[in-house]
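Just so it is clear, the model here is predicted, and its values are computed rather than measured.
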Amino acid sequence: MAKTATAPALPGPRGADIIAAIKAAGVFHVCALPDITTSAGLLWPLSQDPDLRLIRLSKEDEGVSICAALGYCEKRAVLLMQQTGLMDSLNNIRAVGCDYSQPVCMLVGLLGKEPDRAPAGSASLGVRAIEPILDALEMDRILIEGPDDVAALAPAIERAYATSRPLAALIGRRVQP
């Protein structure tokens, strides 16, 4: 029986590139909860980075408030979580980020997203629902799936702080070390 050829898996974004992008945007505080999509390639390396201050959270919505408070003090921060935490924090994101116009920048791992599909085409309802929810909140978003997509992160963070609006950087593939 002949083997069928399969397309090689596309690489996910590199954690080092994401860390460089957030630093380039002037971010030196990272609020985070562990997330399967980003833990090994991003959370662990940034926890070892002496230039970044990692703020460990017990709940995602407290990270929304911490990021907003740091922004109010002219310090930039990002919140690292997965989409389940984003959904759990929607009321705080809506109030603090949208209604009060705070630049809460979120790096959101899309747990369960298939690498060959856009979020809208995912078999996972939790993944499919994210973009329509962000649209309803009129939130800016970018999708980071591969190494080349990381280039959009620093400008998106800059835009969030310039416009005082929240940002969701959706990470659709496992972050590579």
Side-chain angles (χ1 to χ4, degrees), residues 6-49 51-52 54 60 63-64 67 76-87 89 93 97 103-163 165-177:
T6 58
L10 297 174
R14 291 185 52 237
D17 295 339
I18 293 172
I19 291 169
I22 64 174
K23 286 180 180 181
V27 171
F28 293 100
H29 294 82
V30 179
C31 299
L33 285 96
D35 156 30
I36 292 171
T37 307
T38 62
S39 281
L42 183 56
L43 181 56
W44 178 250
L46 69 80
S47 74
Q48 303 299 309
D49 191 313
D51 296 330
L52 296 172
L54 177 61
E60 292 84 355
V64 172
C67 286
R76 292 185 176 190
V78 295
L79 171 56
L80 179 61
M81 63 182 161
Q82 66 188 34
Q83 89 272 11
T84 55
L86 184 144
M87 287 198 266
S89 303
I93 293 166
V104 177
C105 297
M106 298 164 280
L107 303 176
V108 182
L110 296 177
L111 179 65
K113 185 196 157 299
E114 305 84 352
D116 62 335
R117 298 183 190 176
S122 178
S124 167
L125 177 59
V127 173
R128 276 195 322 271
I130 291 299
E131 289 180 317
I133 290 168
L134 297 175
D135 288 343
L137 293 172
E138 299 174 347
M139 277 182 53
D140 191 16
R141 70 171 179 274
I142 61 171
L143 179 61
I144 300 174
E145 293 223 279
D148 295 341
D149 298 329
V150 177
L153 182 57
I157 293 170
E158 292 287 352
R159 188 171 50 253
Y161 277 90
T163 61
R165 295 290 300 158
L167 162 73
L170 305 175
I171 301 175
R173 290 206 180 105
R174 192 173 296 263
V175 177
Q176 304 303 306

To the nearest 0.5 Å, atom CD1 of Ile18 lies from atom CD of Gln176 at 10.0 Å
Test side chain to side chain contact (heavy atoms under 4.5 Å, CB included) on Leu33 and Glu60; report intermediate values, then the result. CA-CA 7 Å; Leu33 285 96; Glu60 292 84 355; 3.7 Å; yes
Between the CG atom in Leu111 and the OG1 atom in Thr38, the distance rounded to the nearest 0.5 Å is 10.0 Å
request  = Could you tell me whether the side chain of Arg173 and the main chain of Pro115 form a donor-acceptor pair under 3.5 Å?
outcome  = yes
| said: Does Ile93 form a side chain to side chain contact (heavy atoms under 4.5 Å, CB included) with Val104? I'd like the steps, not just the answer. | reply: CA-CA 8 Å; Ile93 293 166; Val104 177; 5.7 Å; no
Rounded to the nearest 0.5 angstrom, the CG-CD distance for Leu110 and Glu131 is 8.0 Å
Distance col, row Arg159:CZ vs Ile142:CD1, nearest 0.5 angstrom, shows 7.5 Å
Taken to the nearest 0.5 Å, the spacing of Cys105 SG from Leu80 CG works out to 13.0 Å
Does Glu138 have more than 12 heavy atoms from other residues, nucleotides or ligands lying within 6.0 Å of its CD? no
dist Asp49:CG -> Ile19:CD1 (nearest 0.5 Å) comes out at 6.0 Å
### Under 3.5 Å donor-acceptor, Arg76 side chain and Phe28 backbone
no
Q) Can you tell me if Glu114 uses its side chain to pair, donor with acceptor, with the backbone of Ala123 under 3.5 Å? A) yes
Handout entry: Cationic N near anionic O, under 4.0 Å, Lys23 to Asp51
Key = yes
